[in-house]
Amino acid sequence: MNAMSMTSSRSLLRLLTCGSVDDGKSTLIGRLLFDTDNIPDDQRAALERDSRKYGTDGANIDYALLVDGLEAEREQGITIDVAYRFMATKRRKFIIADTPGHEQYTRNMATGASTAQLAILLVDASQGLLTQTRRHAFIADLLGIRHIVLAVNKIDLIDFDQARFDAIADEFRALATRFHFETITPIPLSARHGDNVVHRSARMPWHGGPTLLEHLETIEPGGTSTGPFRFPVQWVNRPDADFRGYAGTLAGGEVRPGDEVVVAASGQLTRIARIVTADGDRPAARAGEAVTLTLADEVDLSRGDVLASPGARPDVADQFAADLVWMGEAPLLAGRPYIVKLGTATVSGVVSRIKHKVNVNNFDELAADSLTLNEVGSVNVALATPVAFDPYTLNPRTGAFILIDRMTNATIAAGMIRHPLRRASNIHRQALTIDRTAREALNGHRPAILWFTGLSGSGKSTIANALETRLHLLGAHTYLLDGDNVRHGLNRDLGFTDTDRVENIRRVAEVAKLFADAGMIVLVSFISPFRAERNMARELVEPGLFHEVFVDTPIAVCRQRDPKGLYRKADAGEIRNFTGIDSPYEPPEAPEFHLRTTTAEPDALAESLLAALRPQLGLGL
Amino acid sequence: MSVTETATATLDADLAALEAESIEIIRETAAGFRNPVMLYSIGKDSSVMLHLAMKAFYPAKPPFPLMHVDTGWKFREMIRFRDETVKRLGLDLIVRHNAEAAARGVNPFDYGASTYTQVMKTETLKAGLDELGFDAAFGGARRDEEKSRAKERVFSVRTAGHGWDPKAQRPEIWNLFNTRLAPGQTMRVFPLSNWTEADIWNYIARETIPVVPLYFAKERPVVERGGQLLMVDDNRLPLNPGEVPQLRKVRFRTLGCYPLTAAIESEAETLEAVLAEMRASRMSERQGRLIDHDDAAAMEKKKREGYF
């Protein structure tokens, strides 16, 4: 399966055949199976019988009948649905997806491509490149296939002409510069007569390259980098009170007992206790392996959640940009709720915007307000709840999704995530330690707004958390407004442009004011980079209520801590408008409290804050 | 590494990848359906599928029962093996048998293979699934077995009457299986879709999975009819005039109802010998299945009617 393939499996090659109708895809597969002796004698006899009944090659064997398995296909002489064929030679095992060429079956071609590492793109030598050739090259590239065999078939029809073969190969290479193929291997062949399929043709001595089989047997599709550890929880295994395991297949990276992992959506941290299998506990597990993990701590974790490496977390967002291949009979409607299946998560979602569709025949981008069957487009998707994912190009197993129609339950689209949308991305929730019911007691103190400002990673939330814990122990009614948490709800429509940052702070200030009005001690933990907005917040409430807390950590230290891996991403150019890098931070000029985190621990800083605040808050000794 | 060691490592990697893929499918079924059941046909593919289910949920037991559709004409050794297996693994087994049709005298001889299979197997299976309210049923079918199976999805939707509509199959993309059903629909799930016969035997050897002894050569009483060797498993097999069962050294590549399953002459008494024989074989495994031979599209027709 292209980048989803098991990297441990160097032998098995998954490929698909595609290309225009009548280019001879099924014939080529039949020929491959036949000439590699993968057809048992009884099937060979049936093939001879069927060839006389349905065959399109006179009295000769019609190899296509080996693979066109449905009655309708045999009657019509075309391939309708994807067929999977299995072939083994001394050197390698193959799974071949045979996909239809007709435009109305583009979705079937995309289906075959989704699990393939290599595509054999057939071209009829007498016809040259057709629109369907372009379309299939486009789909193969979009689905992440990196190896192309350009099988120039029916070479006998152009008298084995090298010049015409070279011209077709050159034209394809020129066309493919826009794609991301790592290898393009043109081979002149005749599926019907067997030239250069398995046996080297004596009729094309000019061909210095491999035969098709030689190439398929020797190509190393490359273990796609599986990236950092990803484990979508598929099934919670709880046979009794003593065992609680999380079953699933590693979608990326490696894991060992003792490794620290994070629940991507909640931000809860824990460690791997055991890697359990029926064959005994394992010292490690790698991408592609189906295992059961147990954890060191009790965390809130269920099907659809993703365990990840804390240093390289997936995006957690409720909105993302994606490419869609539309497969539904009914057209895509922006705003209509669909079911989104992404990894093991199933959530409700809408296509919030159709940016453009692609004319897959000439690759033009066209304005569109809908996508119809077999169309490809670029869209924004909004989900009812945030999920964890990666861009498809980084990890197809965590970057692919399907859309399901709520009424018909049909699978109506294949989606490949490009990137999270700014407004929701890179916001990793803080696990809060105080719950709401704990705050529902009578007031016994004065309200306040404690406004923590500082760079990402400076320690704002850590100190605010520590302070809130202490206040709570003293019986104070508190609430922590955290930059990350608010951005998931109230401010989910805001991005990170300067305009949106302003509005973000305005809303947070208003909410803080309401909480203060209700008598609570509100801890606000926001980067809040601009002086003007912090002053605006101060001026919203009566004098004395607002306390600015400057969490002063040099950017070099923040970058070194990088608890959420954000600086690494920003440095790699994956995040823009990042405070301190390509967006400014204006330090407070006269904060009520100035905390220098390089010379004191968060707990000590929280203690000193508490000591200074207690008289003002009226909290008893 | 020597050439042999490299080949062994490659085989291990291929089998490990197939195993992981199947376990993922089995877990997805348990998570995605209200009431799944595993159809257990006692053969080598079922043995592998059951083994994978045991692995998928270890240390728990699979969260679904097994169901066997017993036509009443299975080899006696199969039934013995079935009961031993269920006991050994501590699993729940549901056995469905169409006693009414059997009492009416429906048998493979007087009714023809086609009608007999329809009544005793397909109808019994459908009734069992309906009465017990199963919304998903695992089957051990593989895509390499037969051409219409090669077109089937891993998660294959059945209409309210258990029919298969090959032209209206859902696209199945990546490993993102769509497990949703409309009222009345059910799902057939094929975790072994991407396995070949060779994979099955290699995996049985690697994992030392018990299989029915009928897969191994032994002297057994057979009669030869139309070039096929049929085992006389009990005295219900009507003998033609002058026909006398002979002891021949035979084994079976696939197992079904004994009057409909032909044996092959073989010396392969061990797993290693079976593997070697399979590698050298010029015939496909379903060649011994008498019900597939009606015409080119026989299996597709049966599947449309609800056969597995």
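Order of the sequence lines sets the chain letters (A, B, ...), proteins ahead of strands, with each chain counted from 1.
- A:Glu289 and B:Ala20 make their closest contact through CA-CB, 4.4 Å (heavy atoms, listed as atom of the first residue, atom of the second, distance).
- A distance of 9.5 Å separates CZ of A:Arg92 from CG of B:Asp14, quoted to the nearest 0.5 Å.
- Here the shortest heavy-atom pairing between A:Phe401 and B:Trp174 reads O-CZ3, 3.5 Å.
- Screening B:Leu176, B:Ile173, B:Asn175 for a side chain to side chain contact (heavy atoms under 4.5 Å, CB included) with A:Ser114, the sole residue that qualifies is B:Ile173.
- With a 4.5 angstrom heavy-atom cutoff, A:Lys341 touches chain B via backbone and side-chain atoms both.
- To the nearest 0.5 Å, atoms CD1 (B:Ile25) and OG1 (A:Thr249) are separated by 9.5 Å.
- For A:Ala414, the parts lying under 4.5 angstrom from a heavy atom of chain B are both the backbone and the side chain.
- With sequence neighbours excluded, the residues satisfying side chain to side chain contact (heavy atoms under 4.5 Å, CB included) with B:Asn194 are A:Arg14, A:Phe86, A:Ile95, B:Leu18, B:Glu21, B:Arg143.
- Between atom CD of residue B:Glu28 and atom CZ of residue A:Arg303 there is a gap of 4.0 Å, rounded to the nearest 0.5 Å.
- The minimum heavy-atom distance linking B:Arg153 with A:Val82 is given by the pair NH1-O, 4.4 Å.
- Listed for the B:Arg27 side chain is no donor-acceptor partner under 3.5 Å among the backbone atoms of A:Ala247.
- Taking the side-chain hydrogen bond (donor to acceptor under 3.5 Å, both in side chains) definition, one finds that A:Thr411 meets it with B:Asn178, sequence neighbours left out.
- Atom CG of B:Asp199 sits about 3.0 Å away from atom NZ of A:Lys93, to the nearest 0.5 Å.
- We find the CZ-CD1 distance between B:Arg170 and A:Ile402 to be 9.0 Å, quoted to the nearest 0.5 Å.
- In this structure, the portions of A:Tyr84 lying under 4.5 Å from any heavy atom of chain B include both its backbone and its side chain.
- Of the two parts of A:Ile412, neither the backbone nor the side chain holds a non-hydrogen atom closer than 4.5 Å to a non-hydrogen atom of chain B.
- Once rounded to the nearest 0.5 Å, the distance linking CZ of A:Arg406 with CZ of B:Arg180 reads 7.0 Å.
- At a heavy-atom cut-off of under 4.5 Å, chain B is reached by A:Gln234, A:Trp235, A:Asn237, A:Pro239 from residues 232-239 of chain A, listed in order of number.
- For A:Asp240, no part sits under 4.5 Å from any heavy atom of chain B, backbone or side chain.
- With salt bridges taken as basic N to acidic carboxylate O contacts below 4.0 Å, none links A:Arg107 and B:Glu172.
- Remark: B:Tyr58 pairs with A:Val276, A:Ala278 by the side chain to side chain contact (heavy atoms under 4.5 Å, CB included) rule, at least two apart or across chains.
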Are A:Arg85 and B:Asp144 close enough, and set up right, to give a salt bridge (charged side-chain N to carboxylate O under 4.0 Å, His left out), and what steps lead you there? CA-CA 6 Å; A:Arg85 300 294 305 200; B:Asp144 79 322; over 6 Å; no
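- At a 4.5 Å heavy-atom cutoff, B:Ser22 makes no contact with chain A through either its backbone or its side chain.
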